[in-house]
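Data first, discussion second: the structure below is written as structure tokens.
Here is the naming used below: chain letters follow the sequence lines, and residue numbers restart at 1 for every chain.
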Amino acid sequence: MATTESKTGTVDPGLLDDLVARNLVQDTTDRGALAERLKAGPVTVYYGVDPTAPSLHVGNLIGLLTLKRFQMAGHRPLPLAGGATGMIGDPSGRSSERNLLDDDALAGNLAGIVPLLQQFLDFDGVDNAAKLLDNRAWTVSTSVLEFLRDVGKHVTVNQMVAKESVKARMAGEDGISFTEFSYMLLQANDFAWLFENEGCEMQVGGSDQWGNISLGVDLVRRRTGEKAFALTWPLLLQKDGTKYGKTAGGETIWLTADLLSPYRFYQAWMQVDDDELRKLLLWLTFQPVGDIDGIVADHMAAPHERKGQRLLASELTELVHGLDATNSAIEASSVVFGGSVDEIQQSTFEMLANELPTATLDRSQLDQQNNLGSLLVKGDVVASKSEAARMLKQNGISINGQKVAPDGLLSRSDLRHDRFCLVRKGKKQVYLFHFAD
RNA sequence: GGGUCGGUGCCCGAGUGGCCAAAGGGAGCGGACUGUAAAUCCGCCGGUUACGCCUACGUAGGUUCGAAUCCUACCCGGCCCA
């Protein structure tokens with residue numbers, strides 16, 4: 001039962017309107033009732049993530065930010081790690097059967113995502129403190145008979161078969177296993193359990209979760225006769241209609257530094273299209289909706305300054321990786337993209353050594369006649385001496401931001417901090433030379 | 001198994017004895033322009049101890065002053081017949 005105490009406290013009555021203005025609302029259950037409920041007092045709301053990978057990506061970020069928006073508005077967020085559901089695999093949006101995760105993989109994935117679930121929300125010191133849950137807590141101990149009685153009895157197979165995710169798989173050649181078919185029951189059961197034990201009245205998720213979430217709403221109503229709420233946001237799609245979440249180089253935009261460095265994360269957002277800026281600022285930042293049009297207009301007045309991208313990239317990087325990492329990502333970016341190399345700290349060069357193709361070269365080759373060609377080959381900047389000669393002849397090589405002449409040489413005075421030197425081939429390719437003794 | 005056509009540089013594709021490191025196109029790269037965008041234009045696009053030499057036209061031999069081009073065998077692919 002939802003406890004009456006949870007309805008005390010003040011909430012920001014503008015939350016739902018803000019989400020709508022940000023285009024973060026795809027579907028909701030009974031919109032009028034939801035709006036009233038959200039204004040009436042704190043609501044406990046949950047968002048679940050299955051540990052199918054060792055980290056989270058941009059798609060999950062919207063979920064976490066949404067929980068944070070709810071918390072900032074005075075509501076109580078429950079981030080849920082799907083330790084149980086993750087074992088089964090959600091068929092939504094999948095064309096083929098998932099591989100079941102073994103215990104080790106599951107534990108490893110959980111270890112990666114739990115810190116992220118904790119990172120964005122306040123867990124202490126506030127009335128509406130967040131609480132981290134894992135659905136194994138109430139799923140593992142449930143017997144098959146209990147499950148069939150308490151969950152299965154309330155749901156018809158007709159209803160389950162009608163879900164898009166199931167229909168698609170039943171039409172396909174490989175079918176769908178009973179295990180994955182059951183996934184939606186587990187998720188519905190989660191919602192019902194949280195409703196009964198945590199006073200959780202609302203679930204949020206991506207629009208691909210609508211089927212599973214609404215089944216949970218139905219289960220709550222059938223089991224308790226009470227009303228639960230659901231809200232989904234549109235999937236984050238790029239202009240070309242594919243799911244968002246890859247860098248320009250094709251890497252997944254993970255939220256942990258081990259898998260995608262803060263510098264690359266920052267760059268991923270620096271490189272978004274002008275056309276996408278407004279949408280991304282609305283979805284992924286806490287900039288007030290009223291300010292965003294101004295920000296975008298300001299950006300479009302001088303698009304080459306990339307003000308919009310800078311704001312998006314720095315706010316998101318700071319949120320995910322913290323202020324220090326953001327500042328070094330910004331400094332590293334200024335080195336790589338045209339800024340001067342002279343004022344750069346040693347620590348930034350050291351960081352760049354992890355981001356750029358870096359060659360460790362022998363100091364003894366410095367100051368020798370025509371050493372540039374062979375150094376470019378040794379440093380893997382070019383594949384052959386012929387190519388080196390060609391590049392130099394075509395004015396394609398610059399050292400520390402300065403174009404070099406074909407017969408130029410690399411000398412000790414070109415090193416920064418007595419060991420680093422930045423080599424650019426053309427405009428896009430940047431290499432770091434590190435001279436050791 | 002028989003016949004037939006074919007295997008060329010990152011990809012497609014011309015080239016049937018010297019003028020072939022091999023046309024043309026695509027991709028890629030550099031330059032100009034530019035916003036860490038797109039388009040456009042110009043240039044480059046086997047290696048090297050650079051007007052020479054080496055390596056390369058399925059593989060291995062052979063003919064010839066000279067072979068991607070002719071001959072032989074083999075390997076692989078398409079098509080037709082059994």
Side-chain angles (χ1 to χ4, degrees), chain A residues 58 237-242 244-251 253 260-281 295-317 326-341 344 348 351-352 354-357 359 365 368-409 422-432:
Chain A
V58 196
L237 294 179
Q238 308 186 83
K239 268 199 309 198
D240 62 9
T242 57
Y244 220 96
K246 301 279 185 193
T247 65
E251 298 168 292
I253 304 180
L260 188 77
S261 70
Y263 167 77
R264 281 168 208 268
F265 183 87
Y266 178 85
Q267 277 298 318
W269 301 110
M270 276 301 283
Q271 288 167 354
V272 303
D273 249 67
D274 293 349
D275 300 347
E276 310 264 289
L277 266 179
R278 190 186 136 77
K279 180 174 84 184
L280 292 171
L281 286 168
I295 292 168
V296 172
D298 200 28
H299 169 83
M300 291 315 269
H304 55 280
E305 290 177 19
R306 305 182 87 80
K307 276 190 204 164
Q309 281 91 342
R310 277 176 218 284
L311 177 70
L312 176 70
S314 56
E315 180 170 328
L316 268 178
T317 309
T326 304
N327 286 335
S328 26
I330 292 172
E331 196 182 26
S333 297
S334 79
V335 173
V336 174
F337 294 96
S340 163
V341 179
I344 300 305
T348 302
M351 191 196 106
L352 278 171
N354 296 319
E355 306 298 344
L356 301 175
Q365 304 199 24
Q368 296 189 4
Q369 277 256 290
N370 289 324
N371 62 358
L372 219 66
S374 65
L375 283 170
L376 291 176
V377 175
K378 286 210 176 79
D380 282 326
V381 176
V382 294
S384 68
K385 287 199 162 184
S386 301
E387 194 186 339
R390 208 179 295 138
M391 284 304 150
L392 287 164
K393 188 175 140 215
Q394 293 181 143
N395 265 328
I397 301 291
S398 56
I399 303 290
N400 295 331
Q402 296 289 314
K403 292 276 183 197
V404 290
D407 57 349
L409 82 164
L422 199 75
V423 178
R424 188 182 300 266
K425 178 173 79 167
K427 286 236 161 108
K428 292 180 190 161
Q429 297 170 74
V430 186
Y431 303 81
L432 190 67

Item to complete: Could you check A:I253 against A:F265 for side-chain contact (heavy atoms from CB on, under 4.5 Å), going step by step and ending with a plain yes or no?
Response: CA-CA 7 Å; A:I253 304 180; A:F265 183 87; 3.7 Å; yes

Response to the item:
side-chain contact (heavy atoms from CB on, under 4.5 Å) test vs A:V423 passes for just one of A:L432, A:L376, A:V404, namely A:L376

Worksheet item: For A:D298, which of A:R306, A:K307, A:R310 qualifies under salt bridge (Lys or Arg N to Asp or Glu O under 4.0 Å)?
Response: A:K307

Practice prompt. Report the base-pairing partner of B:C53 (Watson-Crick or G-U wobble, both distances below 3.5 angstrom), or none.
Written response: B:G47

Discussion item. If you only use heavy atoms from C-beta on, which nucleotide in B:G35, B:U49, B:U36 is closest to the side chain of A:H304?
Written reply: B:G35

Discussion item. Let me spell it out: for each of A:Y266 and A:E387, pick the nucleotide of RNA chain B with the closest heavy atom. Which residue's pick is nearer the 5' end?
Written reply: A:Y266

Worksheet item: Which part of the nucleic acid does A:R306 contact within heavy-atom distance under 4.0 Å: base, sugar-phosphate only, or nothing?
Response: base

Practice prompt. For A:R390 and for A:H299, locate the closest nucleotide of RNA chain B by heavy-atom distance; then report the residue assigned to the nucleotide nearer the 5' terminus.
Written response: A:H299

Discussion item. When the C1' atoms of B:G7 and B:U69 are compared, how many Å lie between them, rounded to an integer?
Written reply: 14 Å

Worksheet item: Contact class for A:K425 (heavy atom, under 4.0 Å): base, sugar-phosphate, or nothing?
Response: sugar-phosphate

Worksheet item: What integer number of Å spans the C1' atoms of B:G1 and B:C65?
Response: 44 Å

Item to complete: List the steps and the verdict of side-chain contact (heavy atoms from CB on, under 4.5 Å) for A:L277 and A:H299.
Response: CA-CA 9 Å; A:L277 266 179; A:H299 169 83; 3.4 Å; yes

Practice prompt. Give A:K307 one of three labels, base, sugar-phosphate or nothing, depending on what nucleic acid heavy atoms sit under 4.0 Å from its own.
Written response: nothing

Worksheet item: Which nucleotide sits closest to the side chain of A:K385: B:U36, B:G35, B:U48?
Response: B:U48

Worksheet entry | Pairwise C1' distance for B:G9 and B:G26, with rounding to whole Å | 14 Å

Discussion item. Counting only side-chain heavy atoms from C-beta out, which of B:U36, B:G35, B:U48 sits nearest to A:F337?
Written reply: B:U36

Worksheet entry | Check: A:Q309 side chain, B:U36 base, donor-acceptor under 3.5 Å | no

Worksheet item: Reckon A:E305 touches a base, only the sugar-phosphate, or nothing at all at heavy-atom distances under 4.0 Å?
Response: nothing

Worksheet, complete the sentence: Answer for the Watson-Crick or wobble partner of B:U72, both distances under 3.5 Å, is B:A60

Discussion item. Under 4.0 Å, heavy atoms only, any strand: does A:M391 hit a base, just the sugar-phosphate, or nothing?
Written reply: sugar-phosphate

Worksheet item: Rounded to the nearest 0.5 Å, how far apart are CG of A:L352 and CG of A:L422?
Response: 7.0 Å

Worksheet, complete the sentence: pair_partner(B:U40), Watson-Crick or wobble, both distances < 3.5 Å, evaluates to B:A32

Worksheet entry | Other residues, nucleotides, ligands: >12 heavy atoms within 6.0 Å of A:K393 NZ | no

Fill in: Whole-Å gap separating P (B:G35) and CE (A:M270)
14 Å

Discussion item. Heavy atoms from C-beta onward define the side chain here; which of B:G30, B:A50, B:U36 lies closest to that of A:Q429?
Written reply: B:G30

Discussion item. Checking base pairs now: Watson-Crick or wobble, both atom distances under 3.5 Å. What partners B:G77?
Written reply: B:C5

Discussion item. Expressed as a whole number of angstroms, how long is the span from A:I397:CD1 to B:G31:C1'?
Written reply: 13 Å

Worksheet item: In the structure shown, which nucleotide is the Watson-Crick or G-U wobble counterpart of B:C65, with both distances under 3.5 Å?
Response: B:G18

Item to complete: Pull up the glycosidic torsion of B:A68 and say syn or anti, syn being anything within 90° of 0.
Response: anti

Item to complete: Could you state the atom-to-atom distance from CD of A:Q394 to C1' of B:C44 in whole Å?
Response: 5 Å

Fill in: Separation of the P atoms in B:C71 and B:U63, to the nearest angstrom
15 Å

Fill in: Sugar-phosphate only, base, or nothing, as touched by A:S386 at under 4.0 Å among non-hydrogen atoms
base

Discussion item. In whole Å, I'd like the distance from the NZ atom of A:K393 to the P atom of B:A50.
Written reply: 16 Å

Practice prompt. Send over the distance from A:L277 CG to B:A37 P, rounded to a whole Å.
Written response: 15 Å

Worksheet item: Given the P atoms of B:G15 and B:G58, what is the spacing between them in whole Å?
Response: 15 Å

Practice prompt. Could you work out the separation of B:A73 and B:C20 based on their P atoms and round it to a whole Å?
Written response: 32 Å

Practice prompt. Take atom P in B:C29 and the same atom in B:A21, then report the distance between them in whole Å.
Written response: 29 Å

Worksheet entry | From CA spacing to verdict: side-chain contact (heavy atoms from CB on, under 4.5 Å), A:L409, A:Q368 | CA-CA 7 Å; A:L409 82 164; A:Q368 296 189 4; 6.0 Å; no

Item to complete: Write down the distance between CD (A:E276) and P (B:G35), rounded to a whole number of angstrom.
Response: 21 Å

Worksheet entry | Length of the line joining A:K403:NZ and B:A32:P, which is rounded to integer Å | 6 Å

Worksheet item: Syn versus anti for B:C75, judged by chi lying within 90° of 0?
Response: anti

Practice prompt. List the steps, then state whether side-chain contact (heavy atoms from CB on, under 4.5 Å) holds for A:Q365 with A:K378.
Written response: CA-CA 11 Å; A:Q365 304 199 24; A:K378 286 210 176 79; 3.4 Å; yes

Worksheet item: Taking atom C1' of B:C44 as reference, at what distance in whole Å does atom CG of A:N395 sit?
Response: 13 Å

Discussion item. Taking B:C12 as the reference, what is the distance to B:C57 when you measure between their C1' atoms (whole Å, please)?
Written reply: 15 Å

